[in-house]
Every structure is written in C-alpha cells, then in structure tokens.
Colleague: 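Right, I'll just put the structure down here and ask away after.
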Amino acid sequence: MPSPTDTQQEQSSLRTWLVSIAFLLSIAAALYFLLYTIDFFVIAHRSKDLGFWQNFVKLSPGDSANVVGGMAEVLAAVLGIIVTVASIIVQLAATRYTPRITDMFFRDRINLSVISYYIIAAIYCLWITYSIRAGAEDGAKHFVPVAGVLLNSLFMTGALLLMAPYFAYVFRFLSPENVVRRIREQTVSHVEDVPRRQGNIRAQQEVVLEGVEQLADVALNTIQNKDMIIASRSVDALRELCVEYLGRKKELPETWFSIGGKIAQNPDFVAVTEERRSDLTRQRTWLEYKVLRQYQMLYAEALNRMRDINYLVAIDTRYVGEAAIRSGDREVLQLAIKFFNTYIRATLNARDIRTAYNVLNQYRILAEEVIKAGLNDVAEDVGNYFKYYGQVAFGMKVTFVTECVAYDLGALNELAHKLGSGALPRLLKILLEVDKEAEAEVQETSLRGVRKAQIKLATYFLQEGEEALARQIFEDMRDERPDRLRSIRAELLAIDSKDFWEIVDRGENFDYLVPERKEKLHVFFGWFPKETVE
C-alpha cells in the first residue's frame, strides 16, 4: 500500500510532468502551425482545391508510407536510449548505495508505465506500417489507415515529449535521499500490512528484515565513501523505522515475534545461542535487536573515521530508548541500554576520548528519561554501568572519561533529588564509589575531576537544604590530601563562565557553579579542619 508521502510524491511528479509536457508541446505546436500557416497561404505550392485541414486527413498510400516509414526505427532508437541511460544510472546507484535500487526501480509504477508506453508505441508503429496497402499498379485496392497514421504521429510526439521529464524523474528517483526514504516507507508499510496478512507472516518478516539490512547497507557504503549527508539520512531512517514500529507493535500478532524460517538463518541471529534467540522471541524484540545490531556495525565502522556518525548512532539509540519508555516496553529499553554499554566498550578499546565524551552525554540523557519515568531499578542499573565503565577507563588511563562519568552521575543525582526519585540514595553511593579503584599515586592524582564532581553535587545539596546528603560526600573525602582540597576549591571558585571556551557538543563547562552554589563551597570546605583547607 503506497504511503501518504509516496502518494504526494507521485501527485507532485504528475503535475511536474504535465506542466513540462504541456510547455514543450505548446512551443512545438505554436512553431509548427505558425510556419504551416505561412507556407499554406504565402509560400508553398498547392492545389487550389486543397483545404487547410485536408493535409491531415487526405493521405494517399505513398503519403502514409512516407509519414510512418521511419517512425518505427526512431521509436525503437528512443526506447534503446531510455533503457540504456536508465540502466547505467541504476547500476551506478546500486553499486554505490544498495543493490535494492534495481528492484525498486523496476517495481516503480511510473518507470514501468513509461517503458510500457515506448514498447506499445513501437509495436503499434510496426503494425500500422504493415497495414498500409498501395494496391496494384493501376491504383486499385489500396488502403490508407488515416486514423492509425494520426495516432502513430501522436505516439511519436508523446515519446519525444516524455524524454526530458522522464530523465528528470529518473535522476530524482535515484537520489540517495529518496532511495532511503522509499526503503524506510516500504518497510513500514509491510509492518502495517502484517495484521491483514497473518497467513504470510514469515514472508513479511523477511521483507522487513531485508529493508533494515538495505538501510544499513546504504549507511555502511556511504560511511566508507565518507558521504556524511547520506550516511546520516540512512542512520536516521533506521531510527524512524524502529520508532514507528514501536508505535504499532501492540497491533501485531504473537506469531510475528517468533524467530523462524529464513530470519533464523540471518547472521545476526545465527551468531547468538539458541537460548538467546528464545529470549528475543519471549521479549518480542527481534526487530529492535536487528536494528540496534546494524547500529553497532555502523558505530564500529565509523570509530576514529567519522565521529559525527558515532554521535548520531548514540542519539538515535537514545531516541529508540525514549520511544520504548513511552510505549512501556522495558525489554526494548534494556536492549538500548545494552547497546549503549557496547558503544562505550568499543570506544574505550579504540581510545577515542572525544567520542566517549559525546556518547556518554546521550547515555546520560536517556538515564534522565528513565528517572523521569520512575524506573528506579533501571536508573540504578545505569548508574552502576556508568561507574563500571568509568573505572574501566581509569584502569586504561583514559581518565578524562572517568571524570565525564562522575559529572554525569552528579547530574543524575541532581535530577533524582529534584523529582524525589527513590533512586537517589543508590545513585549517590555509586558516585562516591567511582574513584575507589585508584591504587598508584599517579593514578590517584588524576582523579581530581571526580572529586570536583562530587563537591559540585555537595553544593547543590546544601543549596537545597539537604545537609545530610552533603555530609555523606564530606565523609567520603574527609581524609583527602590538604593540598588537593585547596587546589580544587581554588579552581572551582575561579571559573566564572558556564560555557566552555571551545566548541563542544555539550557546550558546558564542567567546573562552573552559579554564584549561589559557589557560596556553598565555603560551607562545605568549612567542615574540614582549618589547617587542611587554608
């Protein structure tokens, strides 16, 4: 079933074609009749009894043969040009983006209609030529198909008029943005058809699975070719597909969620254990798993090559997680969280600090939505994952990532307090445990950022009148070295701009405190012995 966008596109294309054909035809007709009138009344030699319109209807066998004699060859040549040019363009696009373009092209109604028109016109031209009879030498028994010759001329006119708008349509049809849009919309339309075609579930699953892989294929090829715009469109299309699917998921029959047939032989499902496949069936998440697996592949491909794609994958994974929260689908939310963890692990292994900085930002935003939804157990799990990867980064001596984790955990604590979330006690404990793995002195020195994040949170608690919570942070750093405490206080007091002095995705200065919270620094550090902080 055509989507609304497809219908609008077809209507727009039809209007464009009609306008183009009318414009070209009007110019040609005006030019022809102008010169024909001049010839007929002024220049040309003619019989006195020949009327103005008789040239179009009074045809001898010789006249009709002359009119249609070369038209069949011309139509065949035009058809050859159309097919050759279209085939070359389609093949180039299929090679660059996805083989599915070929299938899409020859299934498109407009392409089929135009090619059919040329074939019908060429065949008709051959047949009308065959039907003309000049008769015997005495001129008897001749046959001149006047209407047929006129129609043949109209066919030929239409064939020539169609060339320009059709080539414009082909180029527009094969533009990468339109290819991506069509794949997504066709895939979604197959999902919409599932409730009406429950007798053919396996075939529908295979078509939808193929659509997901084709979108990922376009993204992968464009990443390799460093085509940022099309890669972004494809990554976004996967997210749009997944989010739309989540909105329709409750309408689907139970058999849709089982993994069987050809999709069970798909590499992404063959690679997992039978138990895991059973879990995906029970959790009703095989399609979301497939989409996120494509994201994982694209993420790995883009690491240290096209960081913007890494950020976009993280953003779109967050959107999938947020859609799962809105739909009440905890299983998909848990799946999105697992893939966020996978992205962080791959980023740390690649030691891509900048990407980790931005991906953690998206992960934290998803965690904030989890807290807002009241999913305290999930929020605590995410907090533990943050702590774990912060400590992994610390062990790998990628300590800036550990500091980012601490600041993000601090932000989650603030939000949990503002919303009165039951996850606050556990999240605070997790933040205070981020720096517990330090062993060597040089490593301990590198955790200043973690302490700053903890102190920032303490100032928030003090501003909100939660001295007991701020005291927990104080107790955790009671034995901190005096020189470190003094330098941390000086640095926090010295920051006057909330915006970082470089262009970064977060746009914020980690160490900035509003004046009201800066005042609370003196309260917090006042709990330490005077000789420690002065």
Side-chain angles (χ1 to χ4, degrees), residues 299 303-304 307 310-311 314 340-365 367 382-414 427-459 473-474 476-495 498-513 521 524:
Y299 190 93
L303 264 177
N304 289 319
R307 288 190 175 96
N310 292 122
Y311 310 157
F340 259 116
N341 294 337
T342 305
Y343 303 155
I344 296 296
R345 171 70 73 177
T347 308
L348 291 176
N349 289 342
R351 295 183 176 274
D352 190 342
I353 298 174
R354 182 177 175 182
T355 299
Y357 169 79
N358 287 294
V359 172
L360 281 169
N361 185 42
Q362 298 303 318
Y363 199 0
R364 189 205 75 249
I365 295 173
V382 172
N384 279 316
Y385 299 142
F386 267 72
K387 180 184 74 171
Y388 171 78
Y389 289 108
Q391 292 176 344
V392 168
F394 181 75
M396 298 174 69
K397 298 183 180 180
V398 189
T399 53
F400 180 69
V401 175
T402 308
E403 295 178 12
C404 291
V405 164
Y407 282 107
D408 285 335
L409 282 171
L412 293 179
N413 273 274
E414 289 188 23
L427 288 174
L428 177 56
K429 183 179 179 183
I430 290 170
L431 173 59
L432 297 179
E433 292 173 348
V434 169
D435 57 348
K436 295 305 181 187
E437 297 297 317
E439 296 176 358
E441 184 72 15
V442 64
Q443 290 179 311
E444 180 64 24
T445 302
S446 66
L447 287 176
R448 295 169 52 81
V450 176
R451 286 305 193 196
K452 286 182 182 179
Q454 294 168 347
I455 293 170
K456 279 187 66 177
L457 180 60
T459 65
I473 298 173
F474 164 72
D476 184 74
M477 62 177 65
R478 177 191 289 273
D479 298 325
E480 193 64 68
R481 290 204 321 267
D483 58 329
R484 175 186 287 191
L485 289 173
R486 286 192 292 269
S487 65
I488 288 175
R489 183 180 66 173
E491 290 171 12
L492 290 174
L493 289 171
I495 301 298
K498 68 176 181 179
D499 296 323
F500 193 60
W501 54 80
E502 297 175 5
I503 297 298
V504 293
D505 284 2
R506 298 196 187 208
E508 62 178 339
N509 193 332
F510 277 157
D511 295 339
Y512 174 74
L513 289 170
L521 282 175
F524 180 79

Colleague: Charged N to carboxylate O below 4.0 Å: is that the case for R448 and E491?
Modeller: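 Yes, charged N to carboxylate O under 4.0 Å.
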
Colleague: Would you compute the distance between atom CG of L409 and atom CZ of R364 and round it to the nearest 0.5 angstrom?
Modeller: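 It comes to 10.5 Å.
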
Colleague: For the residue pair F524 and I473, establish whether any side-chain heavy-atom pair is separated by less than 4.5 Å.
Modeller: yes

Colleague: Working to the nearest 0.5 angstrom, can you tell me the gap between K456 NZ and L513 CG?
Modeller: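 Answer for the NZ-CG pair, K456 versus L513, is 5.5 Å.
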
Colleague: What's the spacing between R481 CZ and R486 CZ if we round to 0.5 Å?
Modeller: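 Reported to 0.5 Å precision, the distance equals 10.5 Å.
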
Colleague: Report yes or no: does Q454 contribute a side-chain atom to a donor-acceptor pair with the main-chain N or O of L431 at less than 3.5 Å?
Modeller: yes

Colleague: Can you tell me if Q391 uses its side chain to pair, donor with acceptor, with the backbone of E433 under 3.5 Å?
Modeller: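 Flag set: sc Q391 to bb E433 pair under 3.5 Å.
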
Colleague: Please step through side-chain contact (heavy atoms from CB on, under 4.5 Å) for the pair E480 and I488, ending with a clear verdict.
Modeller: CA-CA 11 Å; E480 193 64 68; I488 288 175; 5.8 Å; no

Colleague: Begin with the C-alpha distance, continue with both residues' side-chain angles, and end with the deciding distance and a verdict on side-chain contact (heavy atoms from CB on, under 4.5 Å) for V405 and K387.
Modeller: CA-CA 7 Å; V405 164; K387 180 184 74 171; 5.6 Å; no

Colleague: Does some side-chain heavy atom of F340 sit less than 4.5 Å from a side-chain heavy atom of Q362?
Modeller: yes

Colleague: To the closest 0.5 Å, what do you measure between OH (Y385) and CD1 (I430)?
Modeller: 10.5 Å

Colleague: Is it true that a side-chain atom of N358 and a backbone atom of R354 form a donor plus acceptor pair closer than 3.5 Å?
Modeller: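 A pair under 3.5 Å: yes.
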
Colleague: Using the ring of each side chain (for Trp, its six-membered ring), is F386 parallel, tilted or perpendicular to Y363, with breaks at 30° and 60°?
Modeller: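 Correct class here is tilted.
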
Colleague: Looking at L428, is its backbone amide N or carbonyl O close enough to the side chain of N413 to form a donor-acceptor pair, meaning the two atoms are under 3.5 Å apart?
Modeller: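 Such a contact is found between N413 side chain and L428 backbone.
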
Colleague: Any sub-3.5 Å donor-acceptor pair from N310's side-chain atoms to T355's backbone N or O?
Modeller: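 Not at all, since once roles are kept as given, no pair shorter than 3.5 Å links the two residues.
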
Colleague: Looking only at heavy atoms, which two atoms of A350 and L303 are closest? And how far apart?
Modeller: CB-CD1, 4.1 Å

Colleague: Under 3.5 Å, is there a donor-acceptor pair linking the side chains of Y299 and T342?
Modeller: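 Per modelled atom types, Y299 and T342 side chains form no pair under 3.5 Å.
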
Colleague: Determine whether a donor-acceptor pair (N or O, by modelled atom type, separation under 3.5 Å) exists between the side chain of T399 and the backbone of F394.
Modeller: no

Colleague: Measuring from D352:CG to N304:CG, what's the distance to the nearest 0.5 Å?
Modeller: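 The CG atom of N304 is 4.5 Å from CG of D352, to the nearest 0.5 Å.
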
Colleague: Please tell me if the side chains of V401 and Y357 come closer than 4.5 Å, counting only heavy atoms from C-beta onward.
Modeller: no

Colleague: So, K429 and D476, do they make that salt bridge, N to O below 4.0 Å?
Modeller: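 No, no charged N to carboxylate O under 4.0 Å.
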
Colleague: For the CG atom of L360 and the OG1 atom of T347, what is their distance to the nearest 0.5 Å?
Modeller: 8.5 Å

Colleague: Between R351 and M396 (side chain of the first, backbone of the second, donor and acceptor by atom type, cut-off under 3.5 Å), is there such a pair?
Modeller: yes

